[in-house]
Protein chains: 2
Amino acid sequence: MISIKEVAEITGISASTLRYYESEGLLPYVKRDEGGKRLYDKEDIEWVHFITALRATGMPIVQIREYVRLFQEGNGTISERKRMMLNHKKEIENKIKELYRNMDKINYKLALYDILEAQMNHSSIKI
Amino acid sequence: MISIKEVAEITGISASTLRYYESEGLLPYVKRDEGGKRLYDKEDIEWVHFITALRATGMPIVQIREYVRLFQEGNGTISERKRMMLNHKKEIENKIKELYRNMDKINYKLALYDILEAQMNHSSIKI
DNA sequence: TCGGCCATTAAAGTTAACTTTAACTCAGTT
DNA sequence: AACTGAGTTAAAGTTAACTTTAATGGCCGA
């Protein structure tokens, strides 16, 4: 059972963001000590890591909250949760494809710069 | 020379966003007709497409503005512009790598769901 | 000349995801 | 007893990138 500060250090998510995530229903059941301070166990940390992966891939907080809600409902929601993850995986794949497509345009620009520079060298013009 | 509405239709960027981009210095030298209405030529449309690629890959508007500023300065800034594009390309590559890394975590979750579902089928529990 | 459509600007509003602040408490140290 | 450091909450603030609104005007066909 570790403090919020330690979780922040381990996960790279700031203490205030951890509190914010909790207030948004992304981290239910975080325990407290006698003084009311948050205590995180190993499972909580794993969960923070997973949430971070969902966030880093663009899943909005409302959707993560919905996922957590389904999780709390129990095994009856497994197929729905699986469907959510499959959908999200497709979105990530699309995002990657779009990044590649747009990177092509930047590569094209870079190729033009190579030609421009070559021309300038050829005509002895210094940039 | 086409209207803002047509450019919006062609590029998928709304007219208000096109005006916003212009006000932010991303689209300099857009001409006007006698009535003060914007007129876009082929080059402008290409530029909108390129800006869109930069935006879609996460380049912030301030940085695009800086790129445009260098472009307007002329050929003396070619190496700097090329450097910017190379940097941005690296950022996109990193972004893609991070997406793959995080997708792995989602794939792991999906594998767990497969196991869970298999177990439930085996024990004749219906979800 | 009227309605409809398209345009203009400046300014205000929106949205998501945090972050910061203010006021307070509590535990341990000197 | 005072200080330090970490925690708490609720509320306000921030940021980027747009979007919407309000007030205005030109043009064109019926």
Side-chain angles (χ1 to χ4, degrees), chain A residues 1-41 44-45 47-68 88 91 95 98 102, chain B residues 1-41 44-45 47-68 88 91 95 98 102:
Chain A
M1 295 299 230
I2 63 174
S3 73
I4 196 166
K5 202 191 182 193
E6 286 168 301
V7 177
E9 277 157 12
I10 291 165
T11 62
I13 304 299
S14 77
S16 60
T17 302
L18 289 169
R19 290 192 200 100
Y20 165 67
Y21 281 174
E22 194 178 327
S23 79
E24 290 293 311
L26 270 49
L27 283 166
Y29 306 141
V30 171
K31 284 147 208 93
R32 304 288 180 120
D33 69 7
E34 331 78 45
K37 298 188 178 176
R38 287 170 180 82
L39 287 176
Y40 297 80
D41 59 23
D44 292 325
I45 291 162
W47 194 245
V48 172
H49 280 303
F50 187 59
I51 285 174
T52 305
L54 293 178
R55 286 293 305 119
T57 50
M59 183 180 279
I61 277 168
V62 274
Q63 215 169 323
I64 303 177
R65 169 164 52 214
E66 173 66 6
Y67 183 77
V68 172
H88 186 55
E91 298 227 335
K95 208 168 281 204
E98 213 210 322
N102 286 309
Chain B
M1 294 299 228
I2 63 174
S3 73
I4 196 166
K5 203 193 181 192
E6 286 168 300
V7 177
E9 276 157 13
I10 291 165
T11 62
I13 304 300
S14 77
S16 59
T17 302
L18 289 169
R19 290 192 200 101
Y20 166 68
Y21 282 174
E22 193 178 328
S23 78
E24 290 294 309
L26 270 49
L27 282 166
Y29 305 142
V30 172
K31 284 145 210 95
R32 304 288 180 120
D33 68 9
E34 331 78 48
K37 299 189 178 178
R38 287 169 180 83
L39 288 177
Y40 298 79
D41 59 24
D44 292 325
I45 291 162
W47 193 246
V48 172
H49 279 304
F50 187 59
I51 286 175
T52 305
L54 294 178
R55 286 292 306 119
T57 50
M59 184 181 278
I61 277 168
V62 274
Q63 215 169 323
I64 303 178
R65 169 163 55 215
E66 173 66 6
Y67 183 79
V68 172
H88 185 55
E91 297 226 336
K95 207 167 281 203
E98 213 211 322
N102 286 310

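Residue numbering restarts at 1 for every chain, and letters A, B, ... go by the order of the sequence lines.
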Inset, instruction - Identify, residue by residue, the members of residues 53-60 of chain A with a heavy atom below 4.0 Å from DNA chain C, and return them in order of residue number, or none. - result: A:Arg55, A:Pro60
Legend entry - Partner set under salt bridge (Lys or Arg N to Asp or Glu O under 4.0 Å) for B:Glu6, not counting sequence neighbours: none
Legend entry - Backbone of B:Leu26 reached by a side-chain donor or acceptor of B:Trp47 within 3.5 Å: yes
Legend entry - Under 4.0 angstrom between B:Ser16 side-chain N/O and D:dT20 OP1 or OP2: no
Legend entry - Evaluation steps, side chain to side chain contact (heavy atoms under 4.5 Å, CB included), between A:Tyr40 and A:Thr11: CA-CA 12 Å; A:Tyr40 297 80; A:Thr11 62; over 6 Å; no
Inset, instruction - State whether B:Ser14 places a side-chain N or O below 4.0 Å from either non-bridging phosphate oxygen (OP1 or OP2) of D:dC18. - result: no
Inset, instruction - For A:Ile4 and D:dG7, give me the distance from atom CD1 to atom P, rounded to whole Å. - result: 7 Å
Inset, instruction - Describe, in one word, how the ring planes of A:Phe50 and A:Tyr67 are oriented to each other, choosing from parallel (under 30°), tilted (30 to 60°) and perpendicular (over 60°). - result: tilted
Inset, instruction - Report the nucleotide, chosen from C:dT8, D:dC18, D:dA6, that has the shortest atom-to-atom distance to any side-chain atom of A:Lys5. - result: D:dA6
Legend entry - Pairs involving residues 13-26 of chain A, ordered by first then second residue, that meet salt bridge (Lys or Arg N to Asp or Glu O under 4.0 Å) (sequence neighbours left out): A:Glu22-A:Arg32, A:Glu22-A:Arg38, A:Glu24-A:Arg65
Legend entry - Among D:dG7, C:dT8, D:dT8, the one nearest A:Arg19 by side-chain distance: D:dT8
Inset, instruction - Quick one: which residue pairs count as a side chain to side chain donor-acceptor pair (under 3.5 Å) with a foot in residues 48-64 of chain A, not counting sequence neighbours? - result: A:Thr57-A:His88
Inset, instruction - Give, ordered by number, those residues of residues 20-40 of chain B having at least one heavy-atom distance below 4.0 Å to an atom of DNA chain D; if nothing qualifies, reply none. - result: B:Tyr20, B:Tyr21
Legend entry - Rounded interatomic separation in angstrom, taking CG from B:Leu18 and C1' from C:dC6: 15 Å
Legend entry - Atom-to-atom span, CD1 of A:Ile51 to P of C:dA17 - whole angstrom: 13 Å
Inset, instruction - Answer yes or no: does a side-chain N or O of B:Thr17 lie under 4.0 Å from OP1 or OP2 of D:dT19? - result: yes
Legend entry - Matching residue for B:Tyr21 among B:Ile64, B:Val68, B:Ile13 - test: side chain to side chain contact (heavy atoms under 4.5 Å, CB included): B:Ile13
Inset, instruction - With sequence neighbours left out, write down each residue that passes salt bridge (Lys or Arg N to Asp or Glu O under 4.0 Å) with B:Lys31, or none if nothing qualifies. - result: B:Asp41
Inset, instruction - In sequence, state the C-alpha distance, the side-chain angles, and the governing distance for A:Ile2 and A:Asp44, and then conclude on side chain to side chain contact (heavy atoms under 4.5 Å, CB included). - result: CA-CA 10 Å; A:Ile2 63 174; A:Asp44 292 325; over 6 Å; no
Inset, instruction - Return the value, rounded to whole Å, for the distance between atom CD1 of A:Ile61 and atom P of C:dT19. - result: 10 Å
Inset, instruction - Send over the distance from B:Glu6 CD to C:dC5 P, rounded to a whole Å. - result: 17 Å
